[in-house]
Amino acid sequence: MKRIIVSALVAVSAAVGFAEWDTSKEGQIAYQRDGKDVWRFHNTGAINKPFFDPLCVVGGPSLTWARPADHVWHYGLWFSWKYINGLNYWEEKGGKAEGVILQNALEKTETMLDGSITIGREFVYDREPLKEKKASLVEERTITISAPAEDGSYYMDWKMVFTALVDVKLDRTPIPGEQGGQSWGGYAGLSMRFADGMKDVETVATGIGRVTRNKDNRLDTTAAAMEQSGIIDGKPYGVAILAHPDNPRAPGDWYALEGGNFNFFNAAFLLKEPYTLPKGETLTLCYRVHIHPGRWGVDELQARAESYAAQPLKIEMRINEAIEQ
């Protein structure tokens, strides 16, 4: 049987100049400045959703909050489908979701002396108990993180290629107007849960400007990019997610919560309707995540989205190696 696995390579540079890499904790890698995390990537067996927390502008506070008491399945910056063929991969009861994400093989991480990095992983979407062998999807994920700029900002390019092992239906909680629709329905995919201390939050989208709540009390919209920004420790910071125009359903749909109980936003690929992926076919999703000081207005967000859109996608995954097993 042919399977695509990740090549066993971990090339971690020594701390030279300003690049400091911390791999002292199993299943984690962090980029640091002066011994303090700028970002930390978690990929442990105990938690089956890989995630980033903390996520900071260089020298700044964390902008993320992983596993808050109100939603312990929120993981800072992370990716999760909601339902795959009816199984819930999002919420967790007793520390586990119905569907589980398994790392299928070894990992590949390439760090650079300037502080940039490429992280490659392959995952299989399965179910509990695993002995039932109900795997539905295999995902090849590459996250390339830039070296920080002078202002402490940087970006992450996420490339995710999903291949259906069976006929797959990706779904979410229905939205108003659908049978069983809920005012809070529609979310699934790449998500950001902001730090508890963020105040004066604003949500901005390209072509729209400030996003406000609709009649269903949601901040959902269609745009090429969305940002949330706010004040932490007296200073403004923001996170923007840009959707590549080659994604299906471009320019992209977005779901956000602002103020109230917490601040959250999501590249809601399934917002308007489910997505069906026949057996053997693939779905590719690409996003750029900017972490930066200050607030971006709609003009800055638009310029960043256009710059990202102008870059052709390189769908060839750097972690692919077809071997016989």
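These numbers were taken from a predicted model, which means no experiment stands behind them.
- In this structure S136 satisfies the side-chain contact (heavy atoms from CB on, under 4.5 Å) test together with I84, N85, Y89, Y125, V166, V168, sequence neighbours excluded.
- Atoms CG and OG1, on L137 and T163 in that order, are 8.0 Å from each other to the nearest 0.5 Å.
- Side-chain contact check for V289 versus M192: every heavy-atom pair is 4.5 Å or farther apart.
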Item to check | CA sep, side-chain torsions, deciding dist, call: D37, Q32, side chain to side chain donor-acceptor pair (under 3.5 Å) | outcome: CA-CA 4 Å; D37 287 358; Q32 299 182 327; 2.7 Å; yes
Checklist entry - Checking side chain to side chain donor-acceptor pair (under 3.5 Å) for the pair Q28/N43: CA distance, chi angles, key distance, verdict? => result CA-CA 6 Å; Q28 299 182 26; N43 184 42; over 6 Å; no
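- With values rounded to the nearest 0.5 angstrom, Y237 atom OH is found 13.5 Å from I291 atom CD1.
- F262 and H71 have perpendicular rings, their planes meeting at more than 60° on a 0 to 90° scale where under 30° would count as parallel.
- Checked by atom type and distance alone, the side chain of Y308 never pairs as donor or acceptor with a backbone atom of P245 at under 3.5 Å.
- The shortest non-hydrogen separation linking D200 to R295 is O-NH2, 2.7 Å.
- The backbone N or O of D167 sits nowhere less than 3.5 Å from a side-chain atom of E281 that would complete a donor-acceptor pair.
- Atom CD1 of I145 and atom OG1 of T111 lie 11.0 Å apart (nearest 0.5 Å).
- Between the side chain of E139 and the backbone N or O of V124, no donor-acceptor pair lies under 3.5 Å.
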Next on the checklist: If you apply the rule salt bridge (charged side-chain N to carboxylate O under 4.0 Å, His left out), what do you find for K49 with E92, and how did you get there?
Outcome noted: CA-CA 11 Å; K49 292 169 185 165; E92 300 169 3; 3.2 Å; yes
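- For E273, the side-chain contact (heavy atoms from CB on, under 4.5 Å) test picks out R249, with sequence neighbours left out.
- Among residues two or more places apart in sequence or in another chain, the side-chain contact (heavy atoms from CB on, under 4.5 Å) test is passed with T222 by P251, D253, K272.
- At distances below 3.5 Å, at least one donor-acceptor pair connects side-chain atoms of W254 with backbone N or O atoms of A223.
- Linking ILVMFWY residues whenever their side-chain heavy atoms come closer than 4.5 Å, directly or via other members, leaves W296 and Y155 in distinct clusters.
- Between F264 and Y187, the ring planes are perpendicular. Angles over 60° get that label, and only those under 30° would be called parallel.
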Next on the checklist: Applying side chain to side chain contact (heavy atoms under 4.5 Å, CB included) to D53 and L77, what does each step give before you reach the verdict?
Outcome noted: CA-CA 7 Å; D53 180 74; L77 176 67; over 6 Å; no
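- Cluster annotation: V201 and I231 are assigned to distinct hydrophobic clusters (Ile/Leu/Val/Met/Phe/Trp/Tyr, side-chain heavy-atom contacts under 4.5 Å, transitive).
- Closest heavy-atom contact between M226 and A256: SD-CB, 4.0 Å.
- Judged by distance alone, the side chain of Y255 and the main-chain N or O of W184 form a donor-acceptor pair under 3.5 Å.
- Using a 4.5 Å cut-off on side-chain heavy atoms (C-beta onward), L170 and P274 make no contact.
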Next on the checklist: E20 vs Y31, test: side chain to side chain contact (heavy atoms under 4.5 Å, CB included). Steps then yes/no.
Outcome noted: CA-CA 6 Å; E20 304 169 25; Y31 172 67; 5.6 Å; no
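- The shortest side-chain heavy-atom distance between I117 and E110 does not fall under the 4.5 Å cut-off.
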Next on the checklist: Is there a side chain to side chain contact (heavy atoms under 4.5 Å, CB included) between D220 and V211? Walk through the geometry before answering.
Outcome noted: CA-CA 8 Å; D220 60 15; V211 182; over 6 Å; no
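- With R213 contributing its side chain and E258 its backbone, the two residues share a donor-acceptor pair below 3.5 Å.
- With hydrogens and angles ignored, the 3.5 Å screen pairs a side-chain donor or acceptor of R121 with a backbone N or O of K108.
- Using modelled atom types, no side-chain atom of E227 and backbone atom of G238 make a donor-acceptor pair closer than 3.5 Å.
- R210 places a side-chain heavy atom less than 4.5 Å from the side chain of E202.
- Rounded to the nearest 0.5 Å, atoms CG (D171) and CG (L87) are 12.0 Å apart.
- Under the 4.5 Å side-chain heavy-atom criterion for grouping Ile, Leu, Val, Met, Phe, Trp and Tyr, F79 is connected to I119 within one hydrophobic cluster.
- Closest heavy-atom contact between M198 and S229: SD-C, 4.2 Å.
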Next on the checklist: With side chain to side chain contact (heavy atoms under 4.5 Å, CB included) as the criterion, how do L219 and T212 come out once you've worked through the C-alpha distance, each side chain's angles and the decisive distance to 0.1 Å?
Outcome noted: CA-CA 6 Å; L219 285 80; T212 58; over 6 Å; no
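- Atoms OG1 and CD, on T23 and E26 in that order, are 11.5 Å from each other to the nearest 0.5 Å.
- Side-chain N or O atoms of H290 include none that pairs as donor or acceptor with a backbone N or O of R304 at under 3.5 Å.
- Using a 4.0 Å cut-off between a side-chain N of Lys or Arg and a carboxylate O of Asp or Glu, K82 and E91 qualify as a salt bridge.
- Between R40 and D22 there is a salt bridge, since at least one side-chain N of the basic residue sits less than 4.0 Å from a carboxylate O of the acidic one.
- Hydrophobic clustering of Ile, Leu, Val, Met, Phe, Trp and Tyr side chains at less than 4.5 Å, counting indirect connections, unites Y275 with F123.
- Side chain of N247 to backbone of A243: no donor-acceptor contact under 3.5 angstrom is found.
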Item to check | Trace of the ring pair (Phe, Tyr, Trp, His ring centres under 6.0 Å) decision for W78 with W90 | outcome: CA-CA 11 Å; W78 83 106; W90 187 276; 5.5 Å; yes
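- Between W39 and F52, the gap from one ring centroid to the other is short of 6.0 Å.
- More than 12 heavy atoms of other residues, nucleotides or ligands shown are found within 6.0 angstrom of CG on D70.
- The distance from the CG atom of D246 to the SG atom of C286 is 8.0 Å, given to the nearest 0.5 Å.
- A cation-pi arrangement is absent between R67 and Y75, since the terminal nitrogen or guanidinium carbon is not both under 6.0 Å from the aromatic centre and inside a 45° cone about the axis.
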